[in-house]
Asker: 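Okay, here's the structure, questions in a sec.
These values consider heavy atoms only, across backbone and side chains, with no hydrogens, waters or symmetry-generated copies.
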Amino acid sequence: MEALLRRELGTSALRPAGHSGGGCISHGESFHTDQGRVYVKINSRAEARRMFDGEMESLTAILQTQTVKVPKPIKVIDLPEGGAVFVMEHLEMRSLNRHAEKLGTQLADLHLHNQKLGEKLNKGASTIVGEQTDVQFVEKFGFHTVTCCGYLPQVNDWQQDWVTFFARQRIQPQMDMIEKNSGDKEARELWAQLQLKIPSLFGDMEIVPSLLHGDLWGGNVAEDDSGPVIFDPASFYGHSEYELAIAGMFGGFSGSFYSAYHSKIPKTPGFEKRLKLYQLFHYMNHWNHFGGGYRGSSINIMRNLVK
């Protein structure tokens with residue numbers, strides 16, 4: 001792999017930097033190169049290229065908003081023996097602590113970024129030009145490429161309507177996988193009822209698409225000396241509330257984070273029920289990744305929402 005990295009990165013130096021890491025999906029290592037330190041994620045799965053391409057596009061999209069720090073993506077490289085590696089900037093990260101409040105503020109800025117572009121366009125600016133490449137206002141829900149939450153692909157086809165997008169392209173594919181793997185009758189029946197109920201959870205809300213990280217749990221946030229960092233995104237344009245669902249499932253976010261976030265994006269009526277609806281996606285996604293240990297949480301949410 002090291003010879004491949006030297007060639008693809010155009011570097012004569014490639015020395016292990018003594019940092020390794022990763023989660024339950026990929027393994028990571030850091031290297032010194034001619035251009036500085038890089039972090040390399042390695043995955044031997046057949047679908048690794050698709051997964052890393054989606055992550056690279058997600059990081060690029062977040063980076064262009066200039067709202068919250070992410071590692072700069074460099075290159076996705078196929079491995080000859082199968083799988084792929086994803087090379088990105090190495091950041092000296094530690095657990096989120098001092099900068100939790102700042103992350104809340106910056107995450108809200110990320111979510112408001114597209115809305116602000118729309119407001120500028122309405123005031124007569126034909127394009128919005130920043131220091132980076134032009135960032136266009138996005139009026140639909142979706143993303144320009146497939147992204148993966150874990151290793152499962154997300155359907156990101158563009159939709160005009162958020163409720164349609166969420167039901168058809170987030171919950172339905174998860175339900176299809178559960179059906180295929182376990183044929184769970186109760187889950188199928190509850191989902192049939194819940195589909196009819198979902199629109200009532202939104203009333204006449206107007207939802208402007210927000211660029212989301214998409215998988216913002218405590219393991220995907222950190223800080224460095226400059227402030228908070230988010231990584232491992234599974235981005236798409238969706239409802240800002242969706243972002244807070246997995247954040248609330250596994251802990252790792254302080255009260256100061258939520259206070260700072262909601263000072264910029266206040267809760268609206270029905271927030272708690274919609275949060276449960278969005279958590280349903282993540283519980284079902286975990287059910288499909290890791291097995292039936294997440295069935296109970298998925299079923300309970302559906303039961304409570306259809307009452």
Asker: Can you tell me if Thr105 and Lys264 form a side-chain donor-acceptor pair at under 3.5 Å?
Answerer: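 No, Lys264 and Thr105 have no side-chain donor paired with an acceptor closer than 3.5 Å.
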Asker: What's the shortest heavy-atom distance between Trp287 and Ser182, and which atoms?
Answerer: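 Shortest heavy-atom separation between Trp287 and Ser182 comes out as CZ2-OG, 4.3 Å.
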Asker: Verify the distance criterion only: is there a donor paired with an acceptor across the side chains of Thr67 and Asp109 at less than 3.5 Å?
Answerer: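 On atom types as modelled, these side chains do not qualify, holding no pair under 3.5 Å.
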Asker: Scan side-chain atoms only and decide if Tyr294 and His282 contain a donor-acceptor pair under the 3.5 Å cut-off.
Answerer: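 There is no such pair between these side chains.
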Asker: What's the spacing between Tyr283 OH and Ile246 CD1 if we round to 0.5 Å?
Answerer: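 Answer for the OH-CD1 pair, Tyr283 versus Ile246, is 9.0 Å.
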Asker: Has Thr33 got a side-chain atom pairing as donor or acceptor with Leu14's backbone, closer than 3.5 angstrom?
Answerer: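 Not at all, since once roles are kept as given, no pair shorter than 3.5 Å links the two residues.
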Asker: Just checking, any donor-acceptor pair under 3.5 angstrom between side chains of Gln154 and Gln169?
Answerer: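 Gln154 vs Gln169: no donor-acceptor pair found between side chains.
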Asker: So that I can tick it off, tell me whether Asp232 and Lys41 are bridged by a salt bridge, with the cut-off set at under 4.0 angstrom between side-chain N and carboxylate O.
Answerer: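 Here Lys41 pairs with Asp232 in a salt bridge, since their nearest N and O are under 4.0 Å apart.
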Asker: Report, as yes or no, whether the 6.0 Å neighbourhood of atom NZ on Lys102 holds more than 12 heavy atoms from other residues, nucleotides or ligands.
Answerer: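 Above 12, so yes.
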Asker: Can a salt bridge be assigned to the pair Lys180 and Asp176 using a cut-off of 4.0 Å between side-chain N and carboxylate O?
Answerer: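 Result for this pair is no, no salt bridge flagged.
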Asker: Any chain of hydrophobic side-chain contacts (each under 4.5 Å) joining Tyr242 to Leu277?
Answerer: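 Same cluster: Tyr242 reaches Leu277 through Ile, Leu, Val, Met, Phe, Trp or Tyr contacts under 4.5 Å.
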Asker: Side chains of His111 and Glu243: any donor to acceptor distance under 3.5 Å?
Answerer: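 Present: a donor and an acceptor within the cut-off.
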Asker: Same cluster for Tyr151 and Leu79 if Ile/Leu/Val/Met/Phe/Trp/Tyr side chains link at under 4.5 Å?
Answerer: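 Unlinked, Tyr151 and Leu79 end up in two clusters.
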Asker: Salt bridge check: are Lys140 and Asp161 linked by an N-O gap of less than 4.0 Å?
Answerer: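 Looking at Lys140 and Asp161, the cut-off is not met.
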Asker: Does a sphere of radius 6.0 Å around NZ in Lys197 hold more than 12 heavy atoms from other residues, nucleotides or ligands, not counting ones at 6.0 Å or beyond?
Answerer: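 For Lys197, atom NZ is crowded (more than 12 foreign heavy atoms under 6.0 Å).
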Asker: With sequence neighbours excluded, what pairs up with Arg188 under the side chain to side chain donor-acceptor pair (under 3.5 Å) test?
Answerer: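 Only Glu179 meet the side chain to side chain donor-acceptor pair (under 3.5 Å) criterion with Arg188.
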Asker: Answer yes or no: is there an ion pair linking Asp225 with Arg94, defined by an N-O contact shorter than 4.0 Å?
Answerer: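 Salt bridge: yes.
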Asker: Taking only Lys NZ, Arg NE, NH1 and NH2, and the carboxylate oxygens of Asp or Glu, determine whether Glu89 and Arg37 approach each other closer than 4.0 Å.
Answerer: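 Between Arg37 and Glu89 there is no salt bridge, as every charged N stays at least 4.0 Å from the carboxylate O atoms.
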Asker: Check for me whether the distance between the ring centres of Phe281 and Phe166 falls short of 6.0 Å.
Answerer: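 Centroid separation for Phe281 and Phe166: 6.0 Å or greater.
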Asker: Salt bridge check, Arg295 against Glu186: does any charged N sit closer than 4.0 Å to a carboxylate O?
Answerer: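 Result for this pair is yes, salt bridge flagged.
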Asker: Check this for me: does any side-chain nitrogen of one of Lys267 and Glu272 sit under 4.0 Å from a carboxylate oxygen of the other?
Answerer: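 Yes, charged N to carboxylate O under 4.0 Å.
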Asker: Can you tell if the side chain of His289 reaches within under 4.5 Å of the side chain of Ile25, non-hydrogen atoms only?
Answerer: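 Sidechains of Ile25 and His289: in contact.
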Asker: Answer with yes or no whether the side chains of Thr147 and Asn156 bring together a donor and an acceptor at under 3.5 Å.
Answerer: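 Yes, side-chain donor-acceptor contact under 3.5 Å.
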